[in-house]
Amino acid sequence: MSNETKELKEQLLISSKKKIHRLSDEELAKADEFCEPYKDFLNKARTEREAVTEALAMAKENGFKEYNPDITYSAGDKVYIVNRNKAIGLAVIGRTGTSEGVLLSIAHIDSPRIDLKPNPLYEKDSLALFKTHYYGGIKKYQWTTIPLALHGRVCKTDGTYVDISIGDDESDPCFCISDILPHLGQEQAQKKLGQAFTGEDLNCLIGSRPYSDEEGEQVRLNTMKLIYDKYGFTENDFLSAELSLVPACKSRDVGFDRSMIGSYGHDDRVCAYTALMAIIDAGVPEKTCITYLTDKEETGSDGNTGMQSDFLRYFIYDMAKSEGQEGYRVLSKSKCLSADVNAAVDPTYASCFESKNCSYLNEGVVISKYTGARGKSGTSDASAEYMGEIRTMLESNDIIWQVGELGRVDLGGGGTIAKYVANMNVDVVDLGVPVLSMHAPFEIVAKVDVYMAYLAFLHFFVG
Ligand code: MN
Ligand code: MN
């Protein structure tokens with residue numbers, strides 16, 4: 001190739017050089033170091049409630065105080081607000097307050113899982129089991145024959161509640177959804193994958209010993225007695241409980257090079273954690289910055305703790321009002337990173353992706369101009385202007401980044417919270433971490449991408 005051709009190529013075409021080569025050994029080491037507390041966060045935050053508990057503890061440790069709408073705050077003040085123990089906002093007041101709009105990084109802290117039905121306990125063939133109702137989009141077979149832990153809250157009629165967390169500690173018992181052995185699985189094997197396991201097949205084994213040799217469901221009775229002795233609630237109390245089965249597996253380094261993390265719940269606690277660290281490290285920003293961690297994304301963002309709730313809007317309106325601003329004007333000048341994961345290319349399933357417009361592990365944070373399905377339905381399509389702004393922010397801070405659609409056109413699709421924020425007249429684009437095996441009990445991310453997400457949220461806040 002002549003020098004002239006080479007120069008012209010460098011000037012005009014996107015470089016095919018792998019982006020990870022831009023990082024020095026020190027930067028790689030920083031990425032690895034950043035991910036150690038993230039792994040701990042994942043091990044503690046198994047549900048959205050527990051993610052709020054962890055985020056709240058981190059907020060308090062770093063000087064955030066509970067938000068009071070009657071106080072006028074000044075630059076550098078740090079506040080938090082919690083919605084029903086399932087969503088949390090952390091704000092740092094900027095030098096211009098809300099007058100020039102606010103900067104939002106929003107991630108979701110709910111993850112796909114197996115919830116218990118309101119009346120879950122039953123006995124069959126002398127085994128005690130829970131009936132379940134899965135939450136979010138799962139490939140059902142992935143959730144059978146793996147150890148499961150039980151997490152959640154049971155509210156009793158006397159106004160008290162009990163929090164449950166059993167199965168994660170190695171000395172705890174765990175629970176399991178069984179599957180038929182291959183020898184007897186011929187009929188199942190003939191079925192299509194999506195039909196071979198039904199929702200009603202996801203029954204979870206929780207006990208096998210009878211209470212006594214008398215007639216009646218003695219295993220059910222024995223199981224309920226053990227639950228009552230330990231937690232003090234009866235079978236009726238399941239009706240006012242939220243109990244979820246999640247994989248009983250701690251986060252682990254993956255690969256000989258330890259470059260990746262395998263864990264339950266990267267979607268979307270990886271963006272939640274990085275956005276949380278960014279607001280904690282935001283110092284005194286120009287504009288007021290908010291990291292908001294929301295619930296219910298995996299089921300469509302409906303409900304009072306989901307992104308379609310007015311909770312965040314009211315919070316921003318309150319801040320605006322205390323500064324003599326109109327809430328809707330503040331929103332109209334605000335900007336948002338919808339912090340969510342995207343599907344990384346899996347070499348084994350490469351045909352699901354279009355190689356020039358998808359994300360890869362170790363290529364940095366992924367910007368998705370739009371998500372949606374088919375002809376871009378059900379999405380917020382970020383404007384060229386806003387894409388340009390975010391691109392400039394990333395490049396001027398040497399943050400490695402890539403663009404990615406969610407798979408091949410017409411293959412499937414998906415949505416994020418971006419459209420609900422956009423509907424409030426806020427500029428928004430999806431930015432997050434590429435993930436392998438998304439929605440599986442053990443998802444995989446690359447440490448470099450996690451660190452780049454943190455830097456992206458931080459520089460979005462501080463410039
Ligand atoms: Mn997500
Ligand atoms: Mn998801």
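All ligand and atom numbering here is 1-based and tracks the order in the structure.
Taking 2.8 Å as the criterion, Asp268 does not count as a coordinating residue of the Mn ion (ligand 1), since none of its N, O or S atoms falls below it. Among the atoms of Cys271, no N, O or S atom falls under 2.8 Å of the Mn ion (ligand 1). Put simply, Asp267 gets within reach of the Mn ion (ligand 2), with an N, O or S atom under 2.8 Å from it.
Closest approach between the Mn ion (ligand 1) and any N/O/S atom of Asp340 involves OD1.
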ask   = Does the ring-ring contact (aromatic ring centres under 6.0 Å, His included) test come out yes or no for Tyr134 and Phe197, once each step is laid out?
value = CA-CA 12 Å; Tyr134 62 96; Phe197 299 80; over 10 Å; no
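A 6.0 Å sphere centred on NZ of Lys117 holds more than 12 heavy atoms belonging to other residues, nucleotides or ligands.
For Tyr273 and Phe34, the ring centers sit closer than 6.0 Å to each other.
Ion pairing of Lys140 with Asp201 is absent here, as no side-chain N (NZ or NE/NH1/NH2) approaches a carboxylate O to less than 4.0 Å.
Within the cation-pi definition used here (under 6.0 Å to the ring centroid, within 45° of the axis), Lys18 qualifies as a partner of Tyr360.
At the Mn ion (ligand 2), the angle from NE2 in His439 to OE2 in Glu298 is 100° when rounded to 10°.
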